[in-house]
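Below: the structure, in structure tokens.
Chain identifiers are assigned alphabetically (A, B, ...) following the order of the sequence lines, protein sequences preceding nucleic acid strands; residue numbering begins at 1 within each chain. Below, each value reflects all heavy atoms present in this structure, side chains not excepted, and no hydrogens, waters or symmetry copies.
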Amino acid sequence: DVKVTQSSRYLVKRTGEKVFLECVQDMDHENMFWYRQDPGLGLRLIYFSYDVKMKEKGDIPEGYSVSREKKERFSLILESASTNQTSMYLCAGMRDRGSQPQHFGDGTRLSIL
Amino acid sequence: SQKIEQNSEALNIQEGKTATLTCNYTNYSPAYLQWYRQDPGRGPVFLLLIRENEKEKRKERLKVTFDTTLKQSLFHITASQPADSATYLCAVTGGGNKLTFGTGTQLKVEL
């Protein structure tokens with residue numbers, strides 16, 4: 001069974017802190033994605049990666065960066081956390097075969113105080 | 001601009017009835033459309049994928065239709081059960097491997 005694991009289910013940080021959200025997949029998937037999910041706005045794509053060390057901006061990349069040093073790990077970085085980055089963050093993996101489903105982790109609920 | 005619309009109001013139905021959820025999209029010509037289920041505090045789970053050249057797809061009690069003329073997909077759950085209560089998301093290809101998600105419709109199946 002496929003598995004996407006996010007390092008923390010809940011996280012509380014302070015404004016201005018640098019925050020790291022980690023995601024690991026055991027499916028050998030080429031593609032990995034970071035979304036945030038907010039009430040009324042749905043899932044919005046922040047960044048994605050289609051290969052090691054490759055990254056592409058999604059729809060809302062401002063204030064975020066990512067790192068993919070190994071195929072199985074995709075990290076989301078909040079360079080200087082702000083209160084408007086309080087959200088549910090979801091990581092997903094997907095095979096690079098076209099028309100494939102995405103497999104999600106259970107999310108990290110991040111609160112910035 | 002591209003838009004995916006799902007009914008934001010919760011859908012309440014009685015156990016045993018068929019639930020029908022709607023997904024409308026504009027300014028897309030997606031090659032395929034996907035449906036996901038999301039439970040509170042969990043990540044979305046993939047249910048079904050339907051391609052643009054398929055009119056209908058079934059999996060157990062689930063049925064999805066895809067009308068590229070109306071730019072609409074319908075998601076049906078027959079013989080619904082309380083365990084089917086969840087939020088259901090539709091998603092379309094936005095280009096390449098990216099998916100764009102709707103905001104989801106919450107389904108409540110009552111005894």
Side-chain angles (χ1 to χ4, degrees), chain A residues 1-6 8-10 21 23-25 27 29-51 54-61 74 87-110, chain B residues 1-10 21 23-25 27-54 57 59 62 64 66 73 75 86-106:
Chain A
D1 201 14
V2 298
K3 189 82 174 165
V4 176
T5 303
Q6 294 185 231
S8 304
R9 292 297 306 274
Y10 301 94
L21 302 183
C23 175
V24 177
Q25 52 106 350
M27 304 168 288
H29 285 190
E30 294 84 358
N31 299 287
M32 295 188 76
F33 305 83
W34 274 107
Y35 298 87
R36 62 178 285 177
Q37 187 173 30
D38 301 286
L41 296 177
L43 275 83
R44 292 181 291 165
L45 182 63
I46 304 170
Y47 266 97
F48 66 102
S49 168
Y50 52 89
D51 203 349
M54 305 303 288
K55 61 185 178 184
E56 294 256 356
K57 292 180 181 178
D59 300 316
I60 51 163
F74 192 34
S87 186
M88 169 71 101
Y89 289 88
L90 289 158
C91 173
M94 188 182 89
R95 291 185 67 190
D96 192 22
R97 293 288 185 272
S99 66
Q100 293 292 315
Q102 293 189 8
H103 300 278
F104 285 83
D106 275 337
T108 296
R109 186 163 293 282
L110 175 65
Chain B
S1 62
Q2 296 173 323
K3 206 186 254 188
I4 300 173
E5 289 182 340
Q6 294 185 256
N7 194 340
S8 58
E9 289 183 19
L21 286 68
C23 176
N24 295 298
Y25 58 91
N27 297 323
Y28 278 103
S29 294
Y32 55 92
L33 185 147
Q34 301 184 20
W35 283 89
Y36 290 76
R37 169 186 172 137
Q38 187 174 23
D39 292 289
R42 307 298 298 271
V45 174
F46 170 76
L47 295 174
L48 279 170
L49 179 151
I50 185 165
R51 291 179 171 78
E52 60 179 337
N53 60 352
E54 298 174 317
K57 199 88 169 271
K59 180 183 175 183
L62 308 180
V64 172
F66 193 8
S73 175
F75 178 81
T87 296
Y88 291 85
L89 308 171
C90 76
V92 300
T93 48
N97 290 325
K98 287 166 49 178
L99 284 177
T100 300
F101 286 82
T103 53
T105 298
Q106 186 179 10

Item checked: Any residue meeting side chain to side chain donor-acceptor pair (under 3.5 Å) with S49(A), in chain and number order, not counting sequence neighbours ->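 By the side chain to side chain donor-acceptor pair (under 3.5 Å) rule, S49(A) matches R68(A).
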Checklist line | Segment of Q38(B) engaging chain A (4.5 angstrom heavy-atom cut-off) | finding: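 Q38(B) touches chain A through side-chain heavy atoms alone.
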Next item on the list: Measure distances from L89(B) to the heavy atoms of chain A and classify the residue's part below 4.5 Å as side chain, backbone, both or neither.
Entry: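 The side chain, not the backbone.
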Notebook entry, point to check: Is the closest side-chain heavy-atom distance between K98(B) and E56(A) below 4.5 Å?
Noted result: no
Notebook entry, point to check: Side chains of F48(A) and L99(B): does their closest heavy-atom pair fall under 4.5 Å?
Noted result: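 No. Closest side-chain heavy atoms not under 4.5 Å.
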Notebook entry, point to check: Considering all heavy atoms of both residues, which atom of G43(B) and which atom of D106(A) are nearest to each other, and what is their separation?
Noted result: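 For G43(B) and D106(A), the tightest heavy-atom pair comes out as N-OD1, 3.3 Å.
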Next item on the list: Could you tell me which non-hydrogen atom of L41(A) sits nearest to which non-hydrogen atom of T103(B), and how far apart they are?
Entry: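 Closest pair (atom of L41(A), atom of T103(B), distance): C-CG2, 3.7 Å.
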Check: Got a sec: does the CZ of R109(A) have more than 12 other heavy atoms crowding it under 6.0 Å?
Finding: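 No, because the 6.0 Å sphere around CZ of R109(A) holds 12 heavy atoms or fewer from other groups.
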Next item on the list: For chain B, find which of D59(A), D38(A), V4(A), L43(A) contributes the most heavy-atom pairs closer than 4.5 angstrom.
Entry: L43(A)
Tell me, for [X] versus chain B, whether the close heavy atoms (under 4.5 Å) come from the side chain, the backbone, both or neither.
X       : answer
Q102(A) : both
F33(A)  : side chain
R9(A)   : side chain

Item checked: Which of G41(B), A31(B), S8(B) touches chain A most, by non-hydrogen pairs under 4.5 Å -> G41(B)
Notebook entry, point to check: If you count heavy-atom pairs under 4.5 Å with chain A, which of L48(B), I4(B), L49(B), L47(B) comes out on top?
Noted result: L49(B)
Next item on the list: Please confirm whether the backbone N or O of Q100(A) pairs with a side-chain atom of Q34(B), one donor and one acceptor, at under 3.5 Å?
Entry: yes
Margin query: Measuring from atom CZ of F101(B) to atom OH of Y35(A), what distance do you get when rounded to the nearest 0.5 angstrom?
Written below: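 With rounding to 0.5 Å, CZ (F101(B)) is 4.5 Å from OH (Y35(A)).
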